[in-house]
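Notes follow once the structure below has been shown.
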2 protein chains.
Amino acid sequence: METKSDSAVPTIADVARRAGVSTATVSRCLNDPSKVQPATREKVQEAVRALGYTPNFGARALVAKRTNTVGAVIPTMDNAIFARGLQAFQEALHEQGVTLLVASAQYQPDFEEEQIRTLLARGADGLLLIGYERGPEIYAELQRRGVATVVAWAFDPNSPLTSVGFDNRKAMKALAGAVVARGHRHIGVISAVTASNDRARDRVSGIKEVLAEEGLPVSNLRIIETNYAIESGRYAAAELLSHTPRPTAIMCGNDVLAAGAIREVRRMGYRVPEDISVTGFDDIELAEICEPPLTTVHVPHRQMGHRAALALLQMIREGQAAPSIELKTELRVRDSLGPCPTS
Amino acid sequence: METKSDSAVPTIADVARRAGVSTATVSRCLNDPSKVQPATREKVQEAVRALGYTPNFGARALVAKRTNTVGAVIPTMDNAIFARGLQAFQEALHEQGVTLLVASAQYQPDFEEEQIRTLLARGADGLLLIGYERGPEIYAELQRRGVATVVAWAFDPNSPLTSVGFDNRKAMKALAGAVVARGHRHIGVISAVTASNDRARDRVSGIKEVLAEEGLPVSNLRIIETNYAIESGRYAAAELLSHTPRPTAIMCGNDVLAAGAIREVRRMGYRVPEDISVTGFDDIELAEICEPPLTTVHVPHRQMGHRAALALLQMIREGQAAPSIELKTELRVRDSLGPCPTS
DNA sequence: AAGCAAAATGTAAGCGCTTACATTCGACAC
DNA sequence: GTGTCGAATGTAAGCGCTTACATTTTGCTT
């Protein structure tokens, strides 16, 4: 024998009844306390507490058209690549009373689309997306719904979309420059799958450009595409080193792959960097505990997350696009990169 | 000059109008197509497509009381500890058409509570929580709302809550046994902060129990609590090694701390494991690329995530608690653990 | 003490959807 | 042709909330 009032989830009407006021007053109390008399406020708050009332989010969103929620769709949660940036993003949002919902798309375009729609249907006021590349229908949909959107982890001044990120190509060019400057001529590349991943593609083309500028044939590059995982880095490294001429440097699309690569290179009996140099990208914590520590591109993850949040909040509030922000990356030269061995 | 029909987000009424049917038919078409004539279905689907209609989630949840959504609140997204398990969890849910929402609580009880409430307000049908320890009000609230809940990453046969996990104490005892068996008598421990973290606490007490069983004084243990980060592992290791008598083994609360510890131990000029042994917990990918590879406790993360999902779905569907599942952990003895140096 | 504007509160209309119930339709038996 | 019945569709009532508007109360001024 359950009575409506004590078993079910309390509604605003229950609170109103208990406090002896109307539902409107309760609502005001919750949304803008300054609009109600302190004495009334007290009564309502007590009722809320006693009942353990939480406003039904769906109902609220239905009428208010504002959810104070933003969504982020990231390619993967499997490793720490996005962790730090997302963390900063969330912190900045939370400070403003906005909740972050995270969904992982597992590097699958279809799945990403599905996740975006899920977030939209849930009424996300804004969206954080990684990289530019996705179908035009999605962008059309976002625009039609007037959902504020920020692209991170990439930067393209020519895109109409607001982005807070860095130029992947430029960043990788700087690193590749450092590798080539040390005399390396045969370079193995372990990249993420470049189909539908503009960041991975930009990084690879950064390397190619450097080679071209140095007058080196692109055939000196051996590229393997694989998914982002330590294990994959190991396999790919083993594969690269089995070819002739053997590369003297292995450049990886991120630190995770590089960590695997270093491990495998050493397991095969080569020294790093005396025999083979290895580089990463991202400069996550992992880079520093590699043996030897990884030469990589430092990405200002926290700053990126923080500024992306501010840009997004601004867009939501003002209802119009904010300017894109280009962040600077930095070379971090550590022991995993050395001069090309003289053969 | 925007017309209602083309600029705004389409509603079920727009679809109904365009298809020349009632909203009820559209709804049926979406929720149970078999209830609708194929010809009608066709018309509706075409209208849906043309309008780019997506049902408003809030409205649907408001009336249907079912969201096909489950939430997971994890302590951190900063490292990969929960990544693999969560991945498997999500995969299993997705297979059944259920969406996963993830929130991070950053190891802060208050924040966790807030995140849980957020998920509840959003109508999550079920919840995945990590570890048992949290305030009783939360549990009361969950019960009152009838939200299916599964606790993972821990296992306690005496708890009324359904859990899918492993016995942290037992697992750590096995590892500590292996350490003690190799002659180590002075052991440094780097643990997560144990306040409001039952898993960390259980692991530490596992170590203590082994010492007690071996008749060794607990004072042989030097314990440092810190947050889960590679850097923290480094600092803690440096601190531990500065004491006399210097521990010959450092047992860490997880692989992330251990990775930092190994790095620091070697940086200080000690050899691992000849001078100092180091152990971890979790057996994430990181463990294998440490130098030397980490001796650790293997946790069946994917299996845990998968079975947690099944248990949760079952609970949601049947409306009653499912039996808890204890998963077995395994010792992974790798090179970071060696015999105690004879001094 | 009366009058009035401002502040506080109440009333009630929907937001977009599902679903119980009512209605219409068509196929079939007679 | 009529009657019957199940299938297909429509009608309309809310779900829990916010908010425009109406009403009451409060605190002043005169």
Side-chain angles (χ1 to χ4, degrees), chain A residues 4-5 8-45 47-48 51-69 117 120-123 125 145-146, chain B residues 4-5 8-45 47-48 51-69 117-118 120-125 145-146:
Chain A
K4 176 91 185 183
S5 52
V9 178
T11 73
I12 200 170
D14 296 324
V15 177
R17 201 171 311 124
R18 174 159 184 140
V21 299
S22 73
T23 60
T25 299
V26 176
S27 176
R28 278 188 280 259
C29 215
L30 264 31
N31 296 298
D32 186 357
S34 74
K35 284 193 191 154
V36 321
Q37 201 87 344
T40 319
R41 202 185 306 161
E42 202 47 58
K43 281 190 299 182
V44 172
Q45 280 163 354
V48 166
L51 263 27
Y53 168 74
T54 323
N56 177 305
F57 177 83
R60 178 178 269 189
L62 193 53
V63 32
K65 302 294 183 207
R66 194 62 154 15
T67 57
N68 281 324
T69 297
R117 286 195 197 288
L120 288 184
R122 285 190 153 66
D125 296 331
R145 303 181 81 131
Chain B
K4 176 90 184 183
S5 54
V9 179
T11 73
I12 199 172
D14 296 325
V15 176
R17 201 171 311 124
R18 174 158 183 141
V21 299
S22 73
T23 61
T25 300
V26 176
S27 176
R28 278 189 279 258
C29 216
L30 263 31
N31 295 299
D32 187 356
S34 74
K35 285 195 190 152
V36 139
Q37 200 86 344
T40 319
R41 201 185 306 162
E42 202 47 58
K43 281 190 300 183
V44 172
Q45 281 164 352
V48 166
L51 262 27
Y53 169 76
T54 323
N56 178 305
F57 178 83
R60 179 177 270 188
L62 193 54
V63 31
K65 302 293 182 209
R66 195 61 155 14
T67 57
N68 281 324
T69 297
R117 286 195 197 288
T118 300
L120 288 184
R122 284 190 154 66
D125 296 331
R145 294 189 160 223

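Chain A is the first sequence line, chain B the second, and so forth, proteins listed ahead of strands; every chain is numbered from 1. Computed from heavy atoms alone, side chains included, the values below leave out hydrogens, waters and symmetry copies.
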When we call it a touch if two heavy atoms are under 4.0 Å apart, what does A/Thr11 touch: a base, just sugar-phosphate, or nothing? sugar-phosphate

Once side chain to side chain contact (heavy atoms under 4.5 Å, CB included) is applied, do any residues pair with A/Thr11, and if so which ones, sequence neighbours excluded? A/Ala13, A/Asp14

Of the candidates C/dC17, D/dT18, C/dG10, the side chain of A/Val63 sits closest to D/dT18

Tell me the interatomic distance from B/Asp14, atom CG, to C/dC17, atom C1', rounded to whole angstroms. 13 Å

Please determine if a side-chain N or O atom of A/Lys65 lies less than 4.0 Å away from the OP1 or OP2 oxygen of C/dG16. yes

note: A/Asp32, atom CG; D/dT18, atom P; distance rounded to Å ~ 12 Å

Check the phosphate of D/dT9 against B/Thr40, side-chain N and O only, distance under 4.0 Å to OP1 or OP2. Yes or no? yes

Could you give the distance from CG (B/Leu30) to OH (B/Tyr53), rounded to the nearest 0.5 Å? 6.0 Å

How many whole angstroms separate atom CZ of A/Arg28 from atom P of D/dC17? 15 Å

Between the first and last five pairs of the helix from C/dA1-D/dT30 to C/dC30-D/dG1, the angle of the axes, rounded to 10 degrees: 40°

Of the listed C/dT19, D/dT19, D/dG16, the closest approach to the A/Ala59 side chain comes from D/dG16

Quick check for you: to the nearest 0.5 Å, what is the distance between A/Lys65 atom NZ and A/Asp125 atom CG? 12.0 Å

Please check the phosphate of D/dT18 (OP1 and OP2 only) for any side-chain N or O of A/Asn31 closer than 4.0 Å. yes

Indicate yes or no for a side-chain donor-acceptor contact from B/Arg41 to the backbone of B/Val36 under 3.5 Å, with no hydrogens or angles considered. yes

Sole candidate of A/Thr25, A/Asn56, A/Val26 that passes side-chain contact (heavy atoms from CB on, under 4.5 Å) when paired with A/Ile12: A/Val26

Given atom CG of B/Leu62 and atom P of D/dA13, what is their separation to the nearest angstrom? 17 Å

Earlier contact from the 5' end, DNA chain C, for B/Tyr53 and A/Ser34: A/Ser34

Grab the CG-C1' distance between A/Leu120 and C/dG16 for me, whole Å please. 16 Å

When you check the phosphate oxygens OP1 and OP2 of C/dG10, does a side-chain N or O of A/Thr25 lie under 4.0 Å from one of them? yes

Atom CZ of B/Arg60 to atom P of D/dG16: distance rounded to whole Å? 18 Å

Among B/Thr67, B/Asn68, B/Asn31, which one satisfies side-chain contact (heavy atoms from CB on, under 4.5 Å) with B/Arg60? B/Asn31

Atom pair distance, as rounded to whole Å: CZ in B/Arg17 and C1' in C/dG16: 13 Å

Take A/Gly58 and B/Lys35, find for each the nucleotide of DNA chain D with the closest heavy atom, and name the residue whose nucleotide sits nearer the 5' end. B/Lys35

From A/Arg122 CZ over to A/Leu120 CG, what is the distance, rounded to the nearest 0.5 angstrom? 11.0 Å

CD1 of B/Ile12 versus P of D/dG14: gap in Å, rounded? 19 Å

Of the nucleotides D/dA8, C/dT18, C/dG16, which has the atom closest to the B/Gln37 side chain? D/dA8

So how far is it from A/Arg28 CZ to A/Thr40 OG1, rounded to the nearest 0.5 Å? 10.5 Å

